[in-house]
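Encoded as structure tokens, the structure appears first; notes follow it.
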Amino acid sequence: LLQGVAPLSLSLSRKTATVSATVTPTPGWSAGFEFSRQKMAGSRPISTYNPGLEFPEPIDYRTTRVQATAEYGEQGWGIQFGYLASIFENKVDTLVFDNAYSNTAQGRIDLYPDNSAQNVMLAYALDLTKSTRLMASIVPGWMHQNDPFLPFTINPAIPPPELPAESLNGGKQTLAMNYTLVNHPAKHLELTARYRSYDYNNNTPSLLFPTYILLDLFPGDVLPGTSRRMPRQSLPYEFNRKSVELAANWEFLPKNSLKVGYEFERYDREHRDVSRSDENAFVTSLDLNPNKLTLVRVSYRHSDRSPDLYVENTDSYPRGGEEA
């Protein structure tokens, strides 16, 4: 078998073209636009579902990126708007390979699907007082892909089971929010409060796969030695993360400072063993700058993460099956 094998050089090349422009019609206004197109071509190693087989994956990607921004600022305040879109195209949908170490002549795997992502950005900064500044940003986003499913097997000797849908019709929506409040109650003292929130909402349908083909050879939906079926279900994983940070920074000497702070983070998850967990952290750091060439930093962090409840997630086996 190895006598006919020829060496193959694996390499990747990237070519990117970018066009950008910035306009400032007035001293307060500024607008920008950028368009880029990247092509990636070549090959890289990829493993298959059959152990011991590795092949050169053909790479032929196109990524298009469009960004537009506008901002306006005056003394004491400013606002910014933006839009960002990214479109990914894979010119090679599937990889078909010779299955030399199996009873089947060929195997097939799906490659990365075409997909798109869009974000809208809004940021704002305002001086509440001479010593207090508020900064905020809100970024909603949308992601989508609807690549067609492949049949369960390429083996002509096995009738492929019916798929629950022709494609995934996957869609996700995100929302990132950041708020920061900075106050200088004294000349060398800075107090900071931050709140961050990130919502990852998965609107993809949950699909039930009552059977599937294992290694292009036989159905894999029955547990060995039993008659119990082991269906699979795709789950729309999603989560929400919130965090709060309070910090004080004291510059007791020029370029020498002491920082102390407290951080709290909460995770809420869907279709996971731990639906909620909280983390509390206390941080401190000391920066010493004895001369222009030396900086000494000593830091300490103590954090504690605790789940509310740990319950094994069995959503992947909706009919009472269990993994072998």
Side-chain angles (χ1 to χ4, degrees), residues 28-32 34 67-86 117-143 171-203 237-251 257-270 272 274-285 287 297 299-308:
W29 276 103
S30 176
E34 181 177 290
Q67 182 174 3
T69 58
E71 59 183 47
Y72 179 79
E74 290 187 359
Q75 182 68 30
W77 70 278
I79 191 169
Q80 183 183 61
F81 306 91
Y83 171 78
L84 174 63
S86 178
Q118 300 180 74
N119 289 96
V120 177
M121 299 166 284
L122 172 63
Y124 186 77
L126 173 66
D127 290 339
L128 300 177
T129 65
K130 292 183 178 181
S131 60
T132 305
R133 185 170 179 83
L134 173 66
M135 294 167 285
S137 67
I138 302 175
V139 184
W142 300 266
M143 295 176 282
K172 299 176 181 178
Q173 186 174 353
T174 62
L175 178 61
M177 296 187 294
N178 294 272
Y179 302 94
T180 303
L181 186 65
V182 180
N183 178 259
H184 294 85
K187 183 177 180 180
H188 300 292
L189 180 62
E190 179 182 275
L191 305 178
T192 304
R194 290 188 176 92
Y195 173 79
R196 300 183 180 94
S197 175
Y198 184 76
D199 272 318
Y200 184 87
N201 299 309
N202 197 338
N203 302 318
Y237 295 114
E238 58 184 28
F239 67 90
N240 172 269
R241 181 177 69 237
K242 297 182 178 70
S243 63
V244 176
E245 179 183 348
L246 303 174
N249 191 78
W250 175 41
E251 189 179 28
S257 60
L258 173 66
K259 178 182 178 180
V260 293
Y262 165 76
E263 299 174 7
F264 171 79
E265 184 176 72
R266 167 166 291 180
Y267 261 99
D268 290 296
R269 308 171 181 86
E270 291 289 338
R272 294 294 188 178
V274 177
S275 61
R276 171 176 290 184
S277 63
D278 295 337
E279 180 173 342
N280 294 274
F282 297 91
V283 297
T284 183
S285 63
D287 286 359
R297 173 171 294 172
S299 62
Y300 174 79
R301 179 185 181 93
H302 176 80
S303 58
D304 176 50
R305 179 181 298 175
S306 58
D308 283 356

> Is the side chain of S303 donor-acceptor paired with the backbone N or O of N280 at a distance under 3.5 Å, no angle test?
Replying inline: no

> With E34, which residues qualify under salt bridge (Lys or Arg N to Asp or Glu O under 4.0 Å), at least two apart?
Replying inline: R65

> Under the salt bridge (Lys or Arg N to Asp or Glu O under 4.0 Å) test, which residues partner R301, sequence neighbours left out?
Replying inline: E263

>> side-chain contact (heavy atoms from CB on, under 4.5 Å), that's the test. Do D287 and K259 meet it? Break it down for me.
In response: CA-CA 9 Å; D287 286 359; K259 178 182 178 180; over 6 Å; no

> Between F239 and Y198, is any pair of side-chain heavy atoms under 4.5 Å apart?
Replying inline: yes

>> Exactly one of E190, K187, H188 should register a side chain to side chain contact (heavy atoms under 4.5 Å, CB included) with E251. Which one does?
In response: H188

>> List the residues meeting ring pair (Phe, Tyr, Trp, His ring centres under 6.0 Å) with F264, not counting sequence neighbours, and say none if there are none.
In response: none

> Are V260 and Y300 close enough that some pair of their side-chain heavy atoms sits under 4.5 Å apart?
Replying inline: no

> Got S197 and L175 here, is their nearest side-chain heavy-atom distance under 4.5 Å?
Replying inline: no

>> Holding to side chain to side chain contact (heavy atoms under 4.5 Å, CB included), I want the full list of residues that pass it with K172, two or more places apart in sequence or in another chain.
In response: M143, Y200, N202

>> Going by the rule ring pair (Phe, Tyr, Trp, His ring centres under 6.0 Å), which residues pair with W29 if we only count those two or more places apart in sequence or in a different chain?
In response: Y72

> Does atom NZ of K242 have more than 12 heavy-atom neighbours, drawn from other residues, nucleotides or ligands, at distances under 6.0 Å?
Replying inline: yes

>> Looking at W250, I'd like to know if its CH2 atom is crowded, meaning that more than 12 non-hydrogen atoms belonging to other residues, nucleotides or ligands lie closer than 6.0 Å.
In response: no

> With S277, which residues qualify under side-chain hydrogen bond (donor to acceptor under 3.5 Å, both in side chains), at least two apart?
Replying inline: R269

